[in-house]
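Fair warning: this is a prediction, and the values are worked out from it, not measured in the lab.
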Amino acid sequence: MSADARNLTGVWQGLYTYPNGESVSFVATLIDSGGALSGATHEPCARAVSSSGTLYATLAGSRSGSAVGFRKIYDGEVPRYHAVDYAGTLNPEATEVEGRWIIRGVWSGKFLMIRPARQEESVERKATQRA
C-alpha cells in the first residue's frame, strides 16, 4: 500500500473503553500532513462537567507506517480532564486504528477508530470483481 493510501485525513468513528468495561463513543476529524497528525474530537459527556453535554478536544501526533500515535487534550471548559495519549496500529486497508489509550499515572484502556473505505478503493474493488 502506498504512503498516500495510508493517509488518515478524514472523519473517524471511535470507541474507547475504561478498565471497568464502560465505553464512550467519539468522532475524530484527522488531518494527516505527511505523517504529522492534527485534528479534533467530540464525545458525549458522561458526567455533568460540560455545560453543553459534549466534550471537545484537540489532537496532535504522528503516523509512521502502520504505527499511529497522538495526544488528545480536552478544551479548557473541563480543567480536571487530563491529556490522553493514544497509540495504535493502522490496519492494511487504512480503515481501522486499534490500540491503547493512557492517562499517565491514572488509568488506561483500549480504543478503536473506524472510517469507511476510500471511494477510489471501493470503485477499484467493484471493477475487479466484475472483470
> Mind checking what makes side-chain contact (heavy atoms from CB on, under 4.5 Å) contact with Ile103, not counting sequence neighbours?
Replying inline: His82, Val84, Trp101, Val106, Trp107
> In chain order, what residues pass the salt bridge (Lys or Arg N to Asp or Glu O under 4.0 Å) check against Arg100, with sequence neighbours excluded?
Replying inline: none
> Does Thr9 have any side chain to side chain donor-acceptor pair (under 3.5 Å) partners at least two apart in sequence or in another chain, and if so, which?
Replying inline: Asn7
> Hey, does Leu30 have a side-chain heavy atom less than 4.5 Å from the side chain of Met113?
Replying inline: yes
> With Ala40, which residues qualify under side-chain contact (heavy atoms from CB on, under 4.5 Å), at least two apart?
Replying inline: none
> Among all residues two or more places apart in sequence or in another chain, which pass the side chain to side chain donor-acceptor pair (under 3.5 Å) test with Ser23?
Replying inline: Thr17
> If you group Ile, Leu, Val, Met, Phe, Trp and Tyr whenever their side-chain heavy atoms sit less than 4.5 Å apart, what else falls in with Val11?
Replying inline: Val27
> Tell me, which pairs form a salt bridge (Lys or Arg N to Asp or Glu O under 4.0 Å) where one or both residues lie in residues 102-113, sequence neighbours left out?
Replying inline: Asp85-Arg104
> Short question: side chain of Arg115, backbone of Ala94 - any donor-acceptor pair under 3.5 Å?
Replying inline: yes
> Residues sharing Leu15's hydrophobic cluster, by side-chain heavy-atom contacts under 4.5 Å among ILVMFWY, directly or via others?
Replying inline: none
>> Please list all pairs meeting side chain to side chain donor-acceptor pair (under 3.5 Å) that have one or both residues in residues 25-40, counting only residues at least two apart or in different chains.
In response: Asp32-Arg63
> Residues two or more places apart in sequence or in another chain: which of them pass side-chain contact (heavy atoms from CB on, under 4.5 Å) with Glu98?
Replying inline: Leu112
